[in-house]
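Inspection log for the structure reproduced underneath, given as structure tokens.
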Amino acid sequence: MTDIRKETKRCPICGGNNQCCYSEDASSSCWCSEEIFPEGIYELVPVDLIKKTCICKNCLSSFNE
């Protein structure tokens with residue numbers, strides 16, 4: 001059985017820690033809730049992980065550059 005909390009801590013693009021607070025506590029606020037994720041970035045995410053785990057700041061910044 002996969003530990004969903006462990007999986008939601010990983011960026012679906014690079015596999016690194018996404019620093020998402022929601023994977024720890026769904027009632028807290030997180031950096032990702034203040035960001036805009038362009039639709040095109042989701043083309044880099046495996047279909048089964050879209051909107052299920054956060055993309056990390058590094059991947060978001062790299063995509064936006």
Side-chain angles (χ1 to χ4, degrees):
M1 175 183 261
T2 303
D3 181 353
I4 193 66
R5 285 192 179 196
K6 183 177 179 182
E7 291 302 311
T8 59
K9 290 181 182 182
R10 290 190 195 143
C11 172
I13 297 172
C14 72
N17 189 324
N18 59 23
Q19 302 294 318
C20 182
C21 299
Y22 293 129
S23 63
E24 296 296 325
D25 179 8
S27 67
S28 65
S29 181
C30 188
W31 72 268
C32 63
S33 64
E34 301 295 319
E35 297 291 332
I36 295 172
F37 290 82
E39 285 299 314
I41 199 167
Y42 295 108
E43 293 174 14
L44 303 174
V45 177
V47 175
D48 60 323
L49 295 177
I50 293 175
K51 307 248 180 178
K52 292 183 181 169
T53 183
C54 287
I55 296 165
C56 72
K57 288 181 185 182
N58 290 336
C59 287
L60 178 60
S61 293
S62 293
F63 184 84
N64 284 329
E65 290 175 358

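All figures in this text were calculated on a predicted structure; none of them were measured in a lab. Excluded from the calculations below are hydrogen atoms, water molecules and symmetry mates; all remaining heavy atoms, backbone and side chain alike, are included. Numbering of residues begins at 1 and proceeds along the displayed sequence.
In terms of heavy-atom proximity, Pro38 sits nearest to Phe63 at CG-CE2, 3.7 Å. The shortest heavy-atom contact between Asn18 and Arg10 is ND2-O, 3.5 Å.
Rounding to the nearest 0.5 angstrom, the gap separating the SG atom in Cys20 from the NZ atom in Lys57 is 10.5 Å. For the atom pair OG (Ser61) and CD1 (Ile55), the distance works out to 11.5 Å, reported to the nearest 0.5 Å. Going from atom SG of Cys14 over to atom CG of Leu44 covers 11.0 Å, rounded to the nearest 0.5 Å. Between the CD1 atom of Ile13 and the CD atom of Glu43 there is a distance of 11.0 Å, given to the nearest 0.5 Å. To the nearest 0.5 Å, atoms SG (Cys59) and CZ (Phe37) are separated by 10.0 Å.
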**Request:** Begin from the C-alpha positions of Ile36 and Asn64 and carry the test side chain to side chain contact (heavy atoms under 4.5 Å, CB included) through to its verdict.
**Result:** CA-CA 10 Å; Ile36 295 172; Asn64 284 329; over 6 Å; no

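Remark: the backbone N or O of Pro12 is not paired with any side-chain donor or acceptor of Thr53 at under 3.5 angstrom.
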